[in-house]
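Contents: one structure, followed by commentary.
Every value quoted in this text rests on a predicted model; they were computed, and no experiment measured them.
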Amino acid sequence: KSQNDAVVAESLILPPGPATPNPYLQDTPSINKTIASQFASAQNAMRNQQWSQAENFLLQIIAVNDKLSGAHLNLANVYAAQKEKDKAETSYQMAITANPKNLDAYNQFAIFKREQGDFTGAENLYKQAITVWPFHATSHKNIAILYDLYLGKPEQALPHYEAYFQLVGEDKQAASWIADLQRRLGI
């Protein structure tokens with residue numbers, strides 16, 4: 001087998017058959033109107049970069065129900081925006097603990113890790129997300145970018161770019177990433 005054959009064989013990383021539903025979206029918690037209103041207020045405060053206001057809303061939500069992964073995730077993003085790295089990391093971990101199916105939590109925590117220079121930590125989080133749901137296009141795109149641009153592993157990036165492209169359909173940017181990698185790898 002030539003090296004090119006090995007790369008092509010590895011690019012078939014999606015499970016056979018149709019994509020299964022996103023497991024995170026299959027199990028949405030019921031929340032009362034007060035929490036929903038507080039969450040909307042927190043998101044609005046975040047959009048306006050009113051970090052302490054957003055933090056207060058999110059902490060109120062968590063005090064009522066600490067199993068709401070999205071509240072922990074948004075709190076982590078608030079802390080990250082304020083450069084409070086330890087608090088952000090703890091909140092990202094709490095988001096995943098609260099709901100191990102929250103794919104956004106893995107991805108946003110991985111981006112946070114990558115920005116801290118912890119490429120191995122980021123890679124592990126993307127792999128965990130893909131284990132939770134192998135059809136998560138964003139996880140495939142993000143791990144491909146990590147392999148390609150940060151770790152210098154284009155042969156590992158290619159199958160994930162291809163999986164992303166297969167999952168999202170026509171995407172000119174993804175098609176150009178794939179063509180560029182194939183050119184660089186001599187495929």
Side-chain angles (χ1 to χ4, degrees), residues 22-25 27-29 31-32 34-133 136-154 156-157 160-161 163-164 167-168 171 173-174 177:
N22 181 336
Y24 179 65
L25 300 177
D27 190 22
T28 55
I31 56 172
N32 66 38
T34 303
I35 288 179
S37 174
Q38 287 175 317
F39 195 76
S41 296
Q43 289 182 310
N44 188 50
M46 289 173 69
R47 272 191 294 280
N48 294 317
Q49 298 184 2
Q50 297 168 325
W51 304 121
S52 62
Q53 192 176 3
E55 178 184 13
N56 288 335
F57 283 122
L58 293 165
L59 288 172
Q60 288 173 31
I61 293 167
I62 291 166
V64 172
N65 185 348
D66 70 348
K67 300 288 184 229
L68 295 175
S69 182
H72 289 290
L73 177 56
N74 280 281
L75 186 59
N77 292 335
V78 166
Y79 290 141
Q82 297 180 95
K83 309 286 187 241
E84 294 185 53
K85 295 175 186 168
D86 291 341
K87 285 183 173 182
E89 185 148 340
T90 298
S91 292
Y92 283 123
Q93 290 169 337
M94 291 174 78
I96 291 169
T97 300
N99 188 340
K101 296 176 185 175
N102 186 338
L103 300 165
D104 288 339
Y106 291 102
N107 273 267
Q108 291 179 38
F109 192 14
I111 290 167
F112 174 81
K113 289 275 196 187
R114 189 200 73 216
E115 290 171 349
Q116 305 304 311
D118 182 359
F119 301 141
T120 302
E123 177 185 18
N124 289 336
L125 286 159
Y126 291 134
K127 284 180 175 179
Q128 288 174 28
I130 291 168
T131 299
V132 170
W133 191 44
H136 192 235
T138 302
S139 296
H140 284 289
K141 178 181 80 173
N142 287 342
I143 198 169
I145 290 168
L146 181 74
Y147 284 141
D148 189 18
L149 302 180
Y150 294 89
L151 295 175
K153 297 179 179 180
Q156 287 182 261
H160 288 285
Y161 278 135
Y164 171 74
L167 291 166
V168 299
D171 182 316
Q173 187 175 29
W177 292 334

Contacts of Y161 that satisfy ring-ring contact (aromatic ring centres under 6.0 Å, His included) - sequence neighbours left out:
W177
Side-chain (N107) to main-chain (L103) donor-acceptor, under 3.5 angstrom:
yes
From E55 atom CD to N77 atom CG, the distance as rounded to the nearest 0.5 Å
13.0 Å
Taking the side chain as every heavy atom from C-beta outward, state whether K113 and Y92 have any atom pair closer than 4.5 Å.
no
Restricting to non-hydrogen atoms, name the atom on A54 and the atom on V78 that form the minimum distance, rounded to 0.1 Å.
CB-CG2, 3.9 Å
Between CD of Q60 and CG of N65, what distance do you get to the nearest 0.5 Å?
14.0 Å
Taking it one step at a time, do I96 and L125 satisfy side-chain contact (heavy atoms from CB on, under 4.5 Å)?
CA-CA 10 Å; I96 291 169; L125 286 159; 4.0 Å; yes
Between M46 and W51, is there a side-chain heavy-atom distance shorter than 4.5 Å?
yes
Could you tell me if the side chain of Y150 sits less than 4.5 Å from the side chain of I145, heavy atoms only?
yes
Are Y147 and E123 close enough that some pair of their side-chain heavy atoms sits under 4.5 Å apart?
yes
Name the one of Q50, Q49, Q43 that satisfies side chain to side chain contact (heavy atoms under 4.5 Å, CB included) with R47?
Q43
Which heavy atom in P100 sits nearest to a heavy atom in Y106, and how many Å separate them?
O-OH, 2.8 Å
Nearest-0.5 Å distance that lies between atom CE in M94 and atom NZ in K87
12.5 Å
Should L68 and I62 count as side-chain neighbours, where that means a heavy-atom distance under 4.5 Å?
no
Give me the atom names and distance for the closest heavy-atom approach of A95 to A105.
CB-CB, 4.0 Å
Looking at every non-hydrogen atom in both residues, tell me the closest pair between K85 and F112 and how far apart they are.
O-CZ, 3.6 Å
Rounded to the nearest 0.5 Å, the CD1 atom of I31 sits from the CD atom of Q38 at a distance of 10.0 Å
Could you walk me through whether K127 and I143 pass the side-chain contact (heavy atoms from CB on, under 4.5 Å) test, one step at a time?
CA-CA 8 Å; K127 284 180 175 179; I143 198 169; 3.9 Å; yes
Identified side chain to side chain contact (heavy atoms under 4.5 Å, CB included) partner of L73 from the options D104, L58, N99:
D104
Excluding sequence neighbours, so at least two apart, what forms side-chain hydrogen bond (donor to acceptor under 3.5 Å, both in side chains) with S41?
none
Test item: I130 and H136 side chains (from C-beta on) under 4.5 Å apart, heavy atoms
no
When rounded to the nearest 0.5 angstrom, what distance separates CG in N74 from CD1 in I61?
8.5 Å
For the residue pair D171 and Y164, confirm or rule out a side-chain donor-acceptor distance under 3.5 Å.
yes
On a heavy-atom basis, which atom in A157 and which in A144 lie closest, and how many Å separate them?
CB-O, 3.4 Å
Would D86 and Y79 count as having a side-chain donor-acceptor pair, cut-off 3.5 Å?
no
Do we see a donor-acceptor contact under 3.5 Å between the side chains of S69 and N102?
yes
Point-to-point distance, once rounded to the nearest 0.5 Å, from OG1 of T131 to CG of N124
10.0 Å
Within the 6.0 Å centroid threshold, strictly below: F57 and F39:
no
Residue list, ring-ring contact (aromatic ring centres under 6.0 Å, His included) with H72, at least two apart or on another chain
none
